[in-house]
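Structure first, then comments.
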Amino acid sequence: MFAAPMSKVITRFAPSPTGFLHIGGARTALFNWLYAAHHGGHMLLRIEDTDRERSTQAAIDAIIDGLSWLGLTWEGEPISQFARAERHREIARQLLETGHAYYCQCTPEELAEMRQRARAEGRPVGYDGRCRDLNLKPPHDKPLALRFKSPDAGRIVIEDRVQGPVTFEAAALDDLVLLRADGTPTYNLAVVVDDHDMGVTHAIRGVDHLTNAARQSMIYEALGWTPPVFAHIPLIHGSDGAKLSKRHGALGVEAYRAMGYLPEAMRNYLARLGWSHGDEEIFSTEQLIEWFDLDNVGKSPARFDVAKLQSVNGWWMRHLDTLTLRDRFMVFLPHAEDRELADKAARVLETDTGWARFTQALPGLKERAKTLAELLELSAWLFRGRPLPLTDKARKILDKGGRKVLADILPVLEAVPHWTEEALETAIKAFAEEKELKLGKVAQPLRAALTGSTVSPGIFEVLAILERDESLARIGDQLAGHG
RNA sequence: GCCCCCAUCGUCUAGUGGCCCAGGACGCCGGCCUCUCACGCCGGAAACAGGGGUUCGAGUCCCCUUGGGGGCGCCA
């Protein structure tokens, strides 16, 4: 084994701006980013916007927003492929001059008809090369497109880092369009020129580009350029096994942000879709960078499993330190789906008391929430004002004897000299023992009155966080029949 | 139709010829813990698509079948 001369690794994420950043695109970006980071290189962000009809600024913004939220960074400014059209045309001319391209007068309508007939007759549906030897030149009565003259014999072998060697018969690949009749470059030309010009060393993208790799490889050959290392990663499928596409209701990453998933959990989960490192399941970003490589990327497609994402997210919710989690929560709030609660939360968190209580409650809360959205829900008792609305279950507890318990314990609580978790626990346990009640019979009515719910952190903790006045007032509300 | 790719529990995967009557994780089921809910812990059900080879030996290599996916645009 000889060590190849190592040039700096440059990868690129090259989305077309026709919609949001969906899950598959996000994973492709992640793999490119991780690979570059692992090898001490960097990733480029190139917007493949040569199709002016479909490219939108809103989509570009959504992609950048999504990548930023995921914490995926790129070198320099995002590159517009369309802006480099002149350079693409220059190379197209070069291809024409060296005999690797020719003009074609077929109209899109004629081509569609040709394909339709071929399909009906069971023949290959590619372009049949009818203009190949016509020697057409620009001033012509019909608009001319420029086609690549692909070799009609031999085979193309792609040494793919993920797929292994993949062989195509050159004859099976038809003559693709390089320049449209309006003179704009198409994808396959632009990609080759850009990857070459930008020094891209590794092209990591979905397998749906595998055939393109063969076509591009022929163009590299004609130009005398060296192609980058190709790595075609399997696609992500929906739970039904079909391609996870926008058409199948796949969501953009911003939807996952709105559902309360953490970027670290998203990276963790996405990395595990197709890539593995032994039996490891949980990866910090540092570990991902240290361990990620193309060797451990599988070849078979993976299905997107929300339950697993939930679980990974829950792990990160529990293990992120409180202050970091609080930051994530603040970023999440403006995107939360429950606007009513989120707005209330934002207002309460602007107050010193609200901020302090939330921070204090967070360690107990985060254990119980699998997403930031659940965290918001579980924190509602900190955000909603008195009298607290009750859930059906909470109301039931109060109605079925709970109020009596509250009435009995109120004087006990009022008499607690120092309102601390420990003192409250001692007092309440003593009360329960004296009344011969199981602790649950006391805790649940208290929980209902203090949080309006049957689910919350430990009851002594809740009392301590709410402090004396607020706690007693909430109990008083229920005794007075409010809420 | 033609070309290419893929195939281990329901799902994500470990496995690179003997360490595998197949391991982990999610989910599911049962139990423990317990002031609720989570967490945590213990246990359970659950897979090498089928058929041929190669080999002393195959989940691992080869072939076929079946199933799935992708591509075949003047989209990217």
Side-chain angles (χ1 to χ4, degrees), chain A residues 14-18 48-51 53-55 81 104 106-108 111-112 115 118-127 143-147 158 160 163-164 166-169 172-174 176-182 184 186-188 190-191 205-212 214 232 234-235 237 239 241-243 269 272-282 296 298-312 314 318 364-370 374 378 393 397 425 428-429 432 438-444 446-448 451 453-460:
Chain A
S16 61
T18 53
E48 312 254 309
D49 53 356
T50 50
D51 184 347
E53 299 284 300
R54 282 189 258 188
S55 301
Q81 187 159 62
C104 169
C106 302
T107 63
L111 294 169
R115 271 191 293 275
R119 203 178 289 273
E121 292 170 11
R123 289 181 289 111
V125 290
Y127 177 64
L144 298 175
L146 188 74
R147 280 185 188 270
I158 306 297
D160 196 278
Q163 303 293 327
V166 181
T167 308
F168 294 89
E169 291 297 331
L173 271 7
D174 64 355
L176 65 276
V177 170
L178 259 15
L179 253 28
R180 300 184 181 92
D182 66 2
T184 58
T186 59
Y187 166 78
N188 278 300
V191 169
R205 76 247 274 211
V207 262
D208 50 338
H209 283 284
L210 195 51
T211 327
N212 286 328
H232 290 92
L235 266 21
H237 291 169
S239 47
K243 185 182 179 182
Y269 176 72
R272 279 291 286 113
L273 236 40
W275 173 80
S276 62
H277 183 78
D279 282 343
E280 307 282 334
E281 295 287 350
I282 298 295
N296 301 307
K299 296 206 239 179
S300 44
R303 298 187 187 201
F304 189 79
D305 182 13
V306 190
K308 180 76 175 264
L309 206 212
Q310 278 257 344
S311 152
V312 172
R318 274 174 267 126
L365 254 16
K366 71 181 190 180
E367 290 294 318
R368 296 169 167 79
K370 282 200 158 48
E374 283 182 20
L378 283 167
K393 284 180 181 173
I397 284 170
E425 179 165 355
I428 292 169
K429 281 187 171 165
K438 293 182 76 171
L439 187 52
K441 289 291 177 195
V442 182
Q444 280 303 76
L446 278 174
R447 190 175 336 266
T451 71
S453 162
T454 52
V455 177
S456 84
I459 199 62
F460 312 118

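Values reported hereafter were calculated over all heavy atoms of this structure, with side chains retained and with hydrogens, waters and symmetry mates removed. Bear in mind the structure is a predicted one, so any value in this text is a computation, not a measurement.
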Report the distance from atom [atom1] of [X] to atom [atom2] of [Y], rounding to the nearest 0.5 Å.
{"X": "A:Lys308", "Y": "A:Arg303", "atom1": "NZ", "atom2": "CZ", "value": "15.0 Å"}
{"X": "A:Gln81", "Y": "A:Ser55", "atom1": "CD", "atom2": "OG", "value": "9.5 Å"}
{"X": "A:His209", "Y": "A:Asn188", "atom1": "NE2", "atom2": "CG", "value": "9.0 Å"}
{"X": "A:Arg368", "Y": "A:Leu378", "atom1": "CZ", "atom2": "CG", "value": "8.5 Å"}
{"X": "A:Gln444", "Y": "A:Ile459", "atom1": "CD", "atom2": "CD1", "value": "7.5 Å"}

What I want to check is whether the side chains of A:Thr18 and A:Arg54 have a donor and an acceptor closer together than 3.5 Å.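 Per modelled atom types, A:Thr18 and A:Arg54 side chains form no pair under 3.5 Å.
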Distance only, no hydrogens: is a donor on one side chain within 3.5 Å (strictly under) of an acceptor on the other, for A:Thr184 and A:Asp182?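 Note: A:Thr184 and A:Asp182 side chains meet the donor-acceptor criterion.
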Provide a list of protein-nucleic acid N or O atom pairs under 3.5 angstrom, restricted to nucleotides 35-37 of chain B.
from: B:rC35; atom 1: O2'; to: A:Arg447; atom 2: NH2; distance (Å): 3.4
from: B:rC35; atom 1: O2; to: A:Arg447; atom 2: NH2; distance (Å): 2.4
from: B:rC35; atom 1: N3; to: A:Ile459; atom 2: N; distance (Å): 3.2
from: B:rU36; atom 1: O4'; to: A:Gln444; atom 2: OE1; distance (Å): 3.2
from: B:rU36; atom 1: O2'; to: A:Thr454; atom 2: O; distance (Å): 2.8
from: B:rU36; atom 1: N1; to: A:Arg447; atom 2: NH2; distance (Å): 3.3
from: B:rU36; atom 1: O2; to: A:Thr454; atom 2: O; distance (Å): 3.2
from: B:rU36; atom 1: O2; to: A:Ser456; atom 2: N; distance (Å): 3.0
from: B:rU36; atom 1: O2; to: A:Ser456; atom 2: O; distance (Å): 3.3
from: B:rU36; atom 1: N3; to: A:Arg447; atom 2: NH1; distance (Å): 3.3
from: B:rU36; atom 1: N3; to: A:Ser456; atom 2: O; distance (Å): 2.6
from: B:rU36; atom 1: O4; to: A:Arg368; atom 2: NH2; distance (Å): 3.1
from: B:rC37; atom 1: O2; to: A:Arg368; atom 2: NE; distance (Å): 2.6
from: B:rC37; atom 1: N3; to: A:Arg368; atom 2: NE; distance (Å): 3.1
from: B:rC37; atom 1: N3; to: A:Arg368; atom 2: NH2; distance (Å): 3.1

Hey, does [Y] have a side-chain heavy atom less than 4.5 Å from the side chain of [X]?
{"X": "A:Ser16", "Y": "A:Tyr187", "answer": "no"}
{"X": "A:Thr211", "Y": "A:Leu173", "answer": "yes"}
{"X": "A:Val191", "Y": "A:Arg205", "answer": "yes"}

Please report the distance separating the [atom1] of [N] from the corresponding atom of [M], rounded so that it comes out in whole Å.
{"N": "B:rG68", "M": "B:rC32", "atom1": "P", "result": "45 Å"}
{"N": "B:rG50", "M": "B:rA58", "atom1": "P", "result": "15 Å"}
{"N": "B:rA22", "M": "B:rA47", "atom1": "C1'", "result": "9 Å"}
{"N": "B:rC61", "M": "B:rC6", "atom1": "P", "result": "11 Å"}
{"N": "B:rG44", "M": "B:rC26", "atom1": "P", "result": "16 Å"}
{"N": "B:rG18", "M": "B:rG57", "atom1": "C1'", "result": "7 Å"}
{"N": "B:rC62", "M": "B:rU54", "atom1": "P", "result": "15 Å"}
{"N": "B:rC64", "M": "B:rA7", "atom1": "C1'", "result": "15 Å"}

To the nearest Å, how far apart are [X] [atom1] and [N] [atom2]?
{"X": "A:Phe168", "N": "B:rC2", "atom1": "CZ", "atom2": "P", "value": "17 Å"}
{"X": "A:Leu210", "N": "B:rA76", "atom1": "CG", "atom2": "C1'", "value": "16 Å"}
{"X": "A:His209", "N": "B:rG73", "atom1": "NE2", "atom2": "C1'", "value": "14 Å"}
{"X": "A:Glu367", "N": "B:rA38", "atom1": "CD", "atom2": "C1'", "value": "8 Å"}
{"X": "A:Asp208", "N": "B:rC72", "atom1": "CG", "atom2": "C1'", "value": "13 Å"}
{"X": "A:Arg205", "N": "B:rC5", "atom1": "CZ", "atom2": "P", "value": "16 Å"}

Watson-Crick or G-U wobble partner for [N], using a 3.5 Å limit on both distances?
{"N": "B:rC19", "result": "none"}
{"N": "B:rU54", "result": "none"}
{"N": "B:rC48", "result": "none"}
{"N": "B:rG67", "result": "B:rC6"}
{"N": "B:rC72", "result": "B:rG1"}
{"N": "B:rA25", "result": "B:rU11"}
{"N": "B:rC39", "result": "none"}

Any protein N or O atoms within reach of nucleotides 9-13 of chain B? Criterion: under 3.5 Å, listing atom names and distances.
from: B:rC12; atom 1: OP1; to: A:Arg303; atom 2: N; distance (Å): 2.9
from: B:rC12; atom 1: O2'; to: A:Arg272; atom 2: O; distance (Å): 3.0
from: B:rU13; atom 1: OP1; to: A:Gly274; atom 2: N; distance (Å): 2.6
from: B:rU13; atom 1: O3'; to: A:Ser276; atom 2: OG; distance (Å): 3.3

Starting at the 5' end of RNA chain B, which residue's closest nucleotide do you reach first, A:Thr167 or A:Glu280?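 That would be A:Thr167.
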Between A:Lys370 and A:Asp174, which has a closest nucleotide on RNA chain B that is more 5'?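 So the residue in question is A:Lys370.
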Answer with base, sugar-phosphate or nothing: what part of the nucleic acid does [X] contact at a heavy-atom distance below 4.0 Å?
{"X": "A:Val125", "value": "base"}
{"X": "A:Thr107", "value": "base"}
{"X": "A:Thr184", "value": "nothing"}
{"X": "A:His232", "value": "nothing"}
{"X": "A:Lys438", "value": "nothing"}
{"X": "A:Leu111", "value": "base"}
{"X": "A:Ala307", "value": "sugar-phosphate"}
{"X": "A:Asn212", "value": "base"}
{"X": "A:Arg54", "value": "base"}

Side chain of [X] - closest among [options]:
{"X": "A:Arg119", "options": "B:rG73, B:rG1, B:rC4", "value": "B:rG1"}
{"X": "A:Lys299", "options": "B:rC74, B:rG70, B:rC6", "value": "B:rC6"}
{"X": "A:Gln81", "options": "B:rG73, B:rC4, B:rA76", "value": "B:rA76"}

Check side chain to side chain donor-acceptor pair (under 3.5 Å) between A:Asp160 and all other residues, then give those that pass, not counting sequence neighbours.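 With sequence neighbours excluded, A:Asp160 shows a side chain to side chain donor-acceptor pair (under 3.5 Å) to A:His232, given in chain and number order.
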Base of B:rA76, side chain of A:Asn188 - is there a donor-acceptor contact under 3.5 Å?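 Counting by modelled atom types and ignoring angles, no donor-acceptor contact under 3.5 Å is found here.
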May I ask you to verify if any side-chain N or O of A:Arg318 is less than 4.0 angstrom from the OP1 or OP2 atom of B:rG40?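 Yes, within the criterion.
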Counting only side-chain nitrogens and oxygens, does A:Thr50 get under 4.0 Å of the OP1 or OP2 atom of B:rA76?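 Looking at the OP1 and OP2 atoms of B:rA76, one of them is under 4.0 Å from a side-chain N or O of A:Thr50.
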Can you see which heavy atom on A:Arg147 is nearest to which on A:Cys104, and at what distance?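 Looks like NE-SG, 3.4 Å.
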Atom CD of residue position A:Glu53 - does it have more than 12 heavy atoms of other residues, nucleotides or ligands inside 6.0 Å?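 No, the 6.0 Å shell around CD holds no more than 12 heavy atoms from other groups.
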